[in-house]
Number of protein chains: 2
Amino acid sequence: MTTQAGPDRATMEPSVGARPAELGLRERKKLRTRRALRMAAIRLVAERGLDGVSVDEIAAAAEVSTRTFFNYFPTKDDALVGIDPEDIREITEALAARPADEDPLAAVRAVMLQRAELIAPEQADLWRARLAIIRRHPHLMTASAASWSSYENALAEAVGRRCGLDPARDPYPAVLVAAALAIVRILSVRWQESPGAPLVDLLSQAFDSLARGLPPPPGASPA
Amino acid sequence: MTTQAGPDRATMEPSVGARPAELGLRERKKLRTRRALRMAAIRLVAERGLDGVSVDEIAAAAEVSTRTFFNYFPTKDDALVGIDPEDIREITEALAARPADEDPLAAVRAVMLQRAELIAPEQADLWRARLAIIRRHPHLMTASAASWSSYENALAEAVGRRCGLDPARDPYPAVLVAAALAIVRILSVRWQESPGAPLVDLLSQAFDSLARGLPPPPGASPA
DNA sequence: CTACAACCTTGTAGTCCCTGAATTTATTCT
DNA sequence: AGAATAAATTCAGGGACTACAAGGTTGTAG
């Protein structure tokens, strides 16, 4: 937490759900360091661009050594757009908590919308900064290196568990998850670009379209 | 083309369509260099793993300087899994050539299946090697840096042109393309893992499922 | 509260990726 | 052939990232 306004608004971190407060000092410090590094990375890169900021500077802003940075994130990119293992856990749990007879796509849709709801009011600024960075550096969009990949895998497993399919044998869960995440990815960036409609509405429409088999939308030319 | 068997099988390159033969010497040499670099990269990394091969070695194997490597590929990863601008052109043209009254998703599906057909018989080995590399280094899956991103954008524009939608305003083309490419990506890797069914069949089923709105498949548990 | 083990952080040294600029070599045009 | 153009090479350098070997902090058990 470098030279920032409110030192007590420690909850202004890209993560969404509540964390268990019962952690030892060591664990709490690790979470703080991780947050500080992530915030410093996002803030500095938002100001100066990806190539205008070195890992050394990010580490210095978070008041740890450069070497320590790489103990927390395998890559500079991951500090910016990587997915927290914590978030993955929350999402898969939310998915498992949906009613068992719910359609798989509907369940994934509900979880994603719920998270978009939670994000919108509180930490919109931080997410907008993040998305603006992604927009300016397209390789961050799909990438974020290994983390997005493990995200997909974890979600696919959760979906597979829901509907009794082995994701390693049946491609259905992986395809569903990939399509859903593509929607989140694309509409998030769009939402950042034009502050008009709420993100939840954009996602909702896109998921509707997906559930109907992506028919040509009303505005499309028929012939 | 280092110490390889047949120097005359120069057509064994990951690209698929036919190239116009009317090119100057300079252009032909550039294509050859690009191919040599790509092949050397895939071959060496398939043998020794991603971290066991340096750009210097790839360049040496292709008999150009290290600096020249970066004149052809912005990144080491791109030499392995990047998409050729040439391929993008071919695909968008194929998309434009589909009947105008065809459903957008059906058109994209047709183009992807057609390309899968062309790949299968001839260059299966090279593609298998490529896919095996991707499987061993998950960050290459989604990534390949900027090239997938521009691939998505180009395709989205082509789809938008087909159905009279501006991809910058309406998210439909981008979502459709992302879902389609996710299918290609996932099923390709799956096809590499288990050499059973032909790639075209796998893709065909997945596109069917997508067009029906991703309903839970037969094997799924209902309650 | 002290000893001890486990873990985290740090510094060092080095490899490799990637880039800009200047120079040299190869193709194309006239 | 000679001029114009484009590509390949050399050189110098910054920055990402890693293995290794200390040194500090935290948890734990007597």
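Per chain, numbering begins at 1; letters A, B, ... match sequence-line order.
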Exercise. Return the orientation label for the B/Phe69 and B/Phe73 ring planes: parallel under 30°, perpendicular over 60°, tilted otherwise.
Key: tilted
Self-check item: Closest to side chain of B/Val64, choosing from D/dT9, D/dG27, C/dT9
Solution: D/dT9
Practice problem: Kindly say whether A/Ala46 contributes a backbone atom to a donor-acceptor pair with the side chain of A/Arg130 at under 3.5 angstrom? | Solution: no
Quiz item: Does the distance from a Lys or Arg side-chain N to an Asp or Glu carboxylate O, for B/Arg89 and B/Glu86, drop under 4.0 Å?
Solution: yes
Exercise. When you get a sec, tell me which of D/dA7, D/dT26, D/dT10 is the closest nucleotide to the side chain of B/Ser65?
Key: D/dT10
Quiz item: For A/Arg34 and C/dT9, what is the distance between atoms CZ and C1' respectively, to the nearest whole Å?
Solution: 16 Å
Quiz item: Nearest-Å distance, CG (A/Leu140) to P (D/dA16)?
Solution: 14 Å
Quiz prompt | N/O donor-acceptor pair under 3.5 Å between A/Glu57 side chain and A/Ser54 backbone | solution = yes
Self-check item: Letter per nucleotide, 5' to 3', of nucleotides 17-24 of chain C [B base touched, S only sugar-phosphate touched, - untouched; heavy atoms, 4.0 Å]
Solution: SBBBB---
Quiz prompt | Donor-acceptor pair, side chain of A/Arg162 and main chain of A/Leu95, under 3.5 angstrom | solution = yes
Self-check item: Separation of atom CZ in B/Arg26 from atom P in D/dA4, rounded to whole Å
Solution: 15 Å
Practice problem: Would you kindly give the NZ-to-C1' distance between A/Lys30 and C/dT9, to the nearest whole Å? | Solution: 12 Å
Exercise. Verify, without hydrogens or angle tests, whether A/Arg34 (side chain) and A/Tyr72 (backbone) share a donor-acceptor contact under 3.5 angstrom.
Key: yes
Self-check item: Of A/Thr68 and B/Glu27, the one whose closest DNA chain C nucleotide lies more 5'
Solution: A/Thr68
Quiz item: Reckon A/Tyr72 has a side-chain N or O less than 4.0 Å from the OP1 or OP2 of C/dT9?
Solution: yes
Quiz prompt | A/Lys29 side-chain N/O to C/dC8 phosphate OP1/OP2 under 4.0 Å | solution = no
Quiz item: Would a distance-only check, ignoring hydrogens and angles, find a side-chain to backbone donor-acceptor pair under 3.5 Å from A/Arg135 to A/Val189?
Solution: no
Practice problem: Write down the distance between CZ (A/Arg32) and P (C/dT9), rounded to a whole number of angstrom. | Solution: 12 Å
Practice problem: Check the distance between D/dA6's C1' and B/Arg28's CZ and give it to me in whole angstrom. | Solution: 16 Å
Exercise. Looking only at side-chain atoms of B/Asn71, point me to the closest of C/dT10, D/dA8, D/dT5.
Key: D/dA8
